[in-house]
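Just so you know, these numbers use all the heavy atoms, side chains as well, and skip hydrogens, waters and symmetry mates.
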Amino acid sequence: MKSFRKSINIAVLLGAISLMVGCDNGAASGTSAAAEEDKSAATSKTSAPVQPECALLTNKEVSKALATKVSEGRLRKTGNGCQWIDISKDDTGRNVIVKIYPVSNWWGDFNPATDRVLEGIGKKAYLSTTTSSNVVIGWTAIAHTEKNVVTVWISRDPAIEKTAPASATELLKIAVGRLK
């Protein structure tokens, strides 16, 4: 279970590094090459493979959480989870990723130093701040349900920093409520 949490942290760290690939003067541009590819795919006329996570949230819900227009939920390039990305003319780089894991992948209880318990979502749930080199890069809301573990990751952007943790929590509530 702990190794699963480490692999999640490594995956988040690798995602953060990929976001920083397009840096200007050491500051992350907020848009990775993968996000650009996903943006192109989201606006193309071909249909992406259906991903179960994509049915858990609507574009309207994700747009509200990110305070920007987002793409349709699409299968991530890594092949797991569903991702909605900013497609506004401002291109904030904001995005949401939803993943579903088997309940056997629950990695244990929260860490009181970094996580906050979320009441009323699934059997157990918590909100975790995701960091890379002690810099906040996003928030992950995680719930243990009867059959699954559901995660909702929302990227950090200064314009939504105060609302993002509550938005991640609200999106998790919606996703868990729709999970069959």
Under a 4.5 Å cut-off applied to non-hydrogen side-chain atoms, are [X] and [Y] in contact?
X      : Y      : value
Lys77  : Gln83  : no
Val103 : Asn148 : no
Trp139 : Glu161 : yes
Arg178 : Thr58  : yes

### Query
Donor-acceptor pair, Thr131 side chain versus Val136 backbone, under 3.5 Å?
no
#### Entry: Sidechain-backbone polar pair: Ser71 side chain, Ile87 backbone, donor-acceptor under 3.5 Å
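The answer is no, because no donor-acceptor pair under 3.5 Å joins these two groups.
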### Message
Testing Thr151, Thr130, Thr129, Asp115 one by one against Thr140 for a side-chain hydrogen bond (donor to acceptor under 3.5 Å, both in side chains), which residue passes?
### Response
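Single pass found, and it is Thr130.
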### Message
Using the side chain to side chain contact (heavy atoms under 4.5 Å, CB included) definition, which of the options Val96, Asn95, Ile142 pairs with Trp153?
### Response
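For Trp153, the side chain to side chain contact (heavy atoms under 4.5 Å, CB included) check succeeds only for Asn95.
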Compare every heavy atom of [Y] with every heavy atom of [X], then report the nearest pair and how far apart it is.
X      : Y      : value
Ala65  : Ile154 : O-CD1, 4.2 Å
Val176 : Gly122 : CG1-N, 4.2 Å
Leu56  : Ile174 : O-CG2, 3.7 Å
Ser155 : Arg94  : OG-CA, 3.2 Å
Ile121 : Lys173 : CD1-CG, 3.3 Å
Ala143 : Trp106 : C-CZ3, 3.8 Å

Under a 4.5 Å side-chain heavy-atom rule over Ile, Leu, Val, Met, Phe, Trp and Tyr, are [X] and [Y] clustered together?
X      : Y      : answer
Leu171 : Ile85  : no
Leu75  : Val62  : no
Val98  : Val149 : no
Leu66  : Leu172 : yes

Separation between [atom1] of [X] and [atom2] of [Y], rounded to the nearest 0.5 Å:
X      : Y      : atom1 : atom2 : result
Leu118 : Ser128 : CG    : OG    : 10.5 Å
Leu127 : Arg116 : CG    : CZ    : 5.0 Å
Thr163 : Lys64  : OG1   : NZ    : 10.5 Å
Arg76  : Lys99  : CZ    : NZ    : 4.5 Å
Glu72  : Trp84  : CD    : CH2   : 9.5 Å

